[in-house]
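FYI, the numbering just counts along the sequence from 1.
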Amino acid sequence: MIPGFGDLTQETLWFFSQLKGTVDFGDSDADIISTVEFNNTGELLATGDKGGRVVIFQREQENKNQPHRRGEYNVYSTFQSHEPEFDYLKSLEIEEKINKIRWLPQQNAAYFLLSTNDKTVKLWKVSERDKRPEGYNLKDEEGRIRDPCTITSLRVPVLRPMDLMVEATPRRVFSNAHTYHINSISVNSDYETYMSADDLRINLWNLEITNRSFNIVDIKPTNMEELTEVITAAEFHPHNCNTFVYSSSKGTIRLCDMRSSALCDKHSKLFEEPEDPSNRSFFSEIISSISDVKFNHSGRYIMTRDYLTVKVWDLNMENRPIETYQVHDYLRSKLCSLYENDCIFDKFECVWNGSDSVIMTGSYNNFFRMFDRNTKRDVTLEASRENSKPRAILKPRKVCVGGKRRKDEISVDSLDFSKKILHTAWHPSENIIAVAATNNLYIFQDKVN
């Protein structure tokens, strides 16, 4: 069982005032969590780390004798997805770090997921086995081949019960299609294809074909000195299999339709907010780079995350977002020091809740932010080891920018920029969230009546 799990209560509807569980992955650099993803039902939660490992957690089933244990996530399977490699032609090391995990909808008793590092995407099958065959004619009980001369009678093999074993096997390996680092993978709504995006190209794959992909976006200029932007994230529309979006380092989002042409170099729509000249600075282009893009569940809206804000765009309005949420505007005065320590290049993700009414994203000092789109309320919470006791109530945190600091506030100068929450996930239908804080995974849940 994961240490730290316990009952929880809640003071507000969605503020997740209490910790549900925490998992310590270890202290080495390889143990740093690099992606978090719930499956389509929310019964499984997968994490990937810098060491190339995938850890899958399964939700505890309902128990009448222990109803409070519903919602606990225990380790279900752990496997090595990627190994470090070396590109001899380019003399480059290929990291084993898992960049993204995407689940496929469950079709049978087994589970399938895609995982990718910088160069290679793999399709994994995760299945259970609780029986083993016995009574072979041509093999003995140890599995050795028997001498046919010693076989005097035929036996009917039988299945014997055994301890439950969860197996993860690679079913497909999609490689040699990306020159640059893969930053996104997205499964299409037809469940037959998926796309993988790197800095300059997006490829379309069939899940059954590993030796061929189709290039659907290519922004590489003839002369690399003319390069002005790169692709930062990409995602398929949740319902229209021909539509997808991708974001760029210039802060733009392009909507493309694969029905218009085989190579979607010309976008259908371009979403871009005009820059206020009065706010122009040396860091403007860096902080406007979009690190994540997500369709909402209906496909009507797009959410993007840049360095300081989360924005919600309506597909029918390209010239400006309909909602803008300040994540940590108090860092605007710290951009120079954040540039010097490279934190300004951190890539934060953002997620919707199941009803698209609440947005969650990460920040520094192990803070994460939630924005209620209906009430316009927001809250800052902290995921830390100090609050990892069972039933520990999480109090909203506030950052003091200047002047006199209150007792419950933290000064902006005291923030720890080495502690950051880049990766978060929200259960598809319930108020359960997973927050990755470096090498710790925190799971929060609202009150269970």
Side-chain angles (χ1 to χ4, degrees), residues 34-35 37 39 46 48 52-54 56 77 79-108 110-127 167-220 222 224 230-237 240-246 256-265:
S34 54
T35 184
E37 188 78 8
N39 75 335
R53 295 181 298 268
V54 172
I56 301 175
S77 176
F79 59 91
Q80 189 72 31
S81 174
H82 288 72
E83 300 281 356
E85 299 176 49
F86 190 80
D87 188 333
Y88 293 97
L89 292 176
K90 297 181 179 178
S91 296
L92 290 175
E93 290 185 5
I94 302 173
E95 281 188 313
E96 64 270 35
K97 172 193 166 191
I98 307 298
N99 292 338
K100 294 290 179 184
I101 291 174
R102 291 292 180 264
W103 291 91
L104 274 67
Q106 189 177 5
Q107 306 290 342
N108 48 42
Y111 302 97
F112 290 87
L113 63 84
L114 290 168
S115 64
T116 183
N117 66 349
D118 286 341
K119 298 291 184 181
T120 305
V121 183
K122 295 184 180 181
L123 174 65
W124 290 89
K125 177 184 178 182
V126 181
S127 56
E167 297 176 315
T169 53
R171 300 305 300 269
R172 306 275 189 278
V173 178
F174 307 88
S175 58
N176 303 320
H178 285 277
T179 306
Y180 308 97
H181 292 177
I182 299 173
N183 56 48
S184 302
I185 51 175
S186 179
V187 180
N188 202 346
S189 59
D190 61 11
Y191 305 135
E192 292 182 1
T193 57
Y194 77 93
M195 69 176 172
S196 56
D198 64 25
D199 295 336
L200 298 178
R201 295 187 180 99
I202 299 177
N203 293 333
L204 180 69
W205 300 82
N206 188 296
L207 286 165
E208 299 294 328
I209 302 171
T210 61
N211 61 353
R212 185 173 69 251
S213 65
F214 297 95
N215 181 222
I216 54 176
V217 172
D218 189 347
I219 66 169
K220 182 181 178 181
T222 306
M224 284 296 283
V230 295
I231 298 168
T232 56
E235 185 172 75
F236 268 118
H237 190 282
N240 299 335
C241 62
N242 53 277
T243 307
F244 67 93
V245 295
Y246 68 92
C256 300
D257 191 334
M258 292 190 291
R259 294 173 300 183
S260 60
S261 63
L263 188 63
C264 300
D265 282 347

In chain order, what residues pass the ring-ring contact (aromatic ring centres under 6.0 Å, His included) check against Phe79, with sequence neighbours excluded?
Trp124
Positive for side-chain contact (heavy atoms from CB on, under 4.5 Å) with Asn183, one of Asp199, Val230, Asn99:
Asp199
Can Arg259 and Asp257 be counted as an ion pair, charged N to O under 4.0 angstrom?
yes
Tell me if the CG atom of Asp218 is crowded by more than 12 foreign heavy atoms within 6.0 Å.
yes
Show, in sequence, the C-alpha distance, side-chain angles and deciding distance for Leu114 and Leu104, and conclude whether the side-chain contact (heavy atoms from CB on, under 4.5 Å) test is met.
CA-CA 8 Å; Leu114 290 168; Leu104 274 67; 3.9 Å; yes
Gap separating the CD1 atom of Ile101 from the OG atom of Ser81, nearest 0.5 angstrom:
7.0 Å
Yes or no on side-chain contact (heavy atoms from CB on, under 4.5 Å) for Phe244 and His237, after CA distance, side-chain angles and deciding distance?
CA-CA 5 Å; Phe244 67 93; His237 190 282; over 6 Å; no
Compare all side-chain heavy atoms of Ser196 with those of His178 and state whether any distance is below 4.5 angstrom.
yes
For the pair Phe174 and Tyr194, evaluate ring-ring contact (aromatic ring centres under 6.0 Å, His included) and give the outcome as yes or no after the intermediate values.
CA-CA 11 Å; Phe174 307 88; Tyr194 77 93; 5.2 Å; yes
The reported gap from CD in Glu85 to OG1 in Thr120 (rounded to nearest 0.5 angstrom) is 5.0 Å
Take Glu208 and Arg172 through the test salt bridge (Lys or Arg N to Asp or Glu O under 4.0 Å) and record every step on the way to the result.
CA-CA 8 Å; Glu208 299 294 328; Arg172 306 275 189 278; 2.5 Å; yes
Val217 and Leu263, any side-chain heavy atoms less than 4.5 Å apart
no
Heavy-atom side-chain contact between Ile216 and Met258 under 4.5 Å:
yes
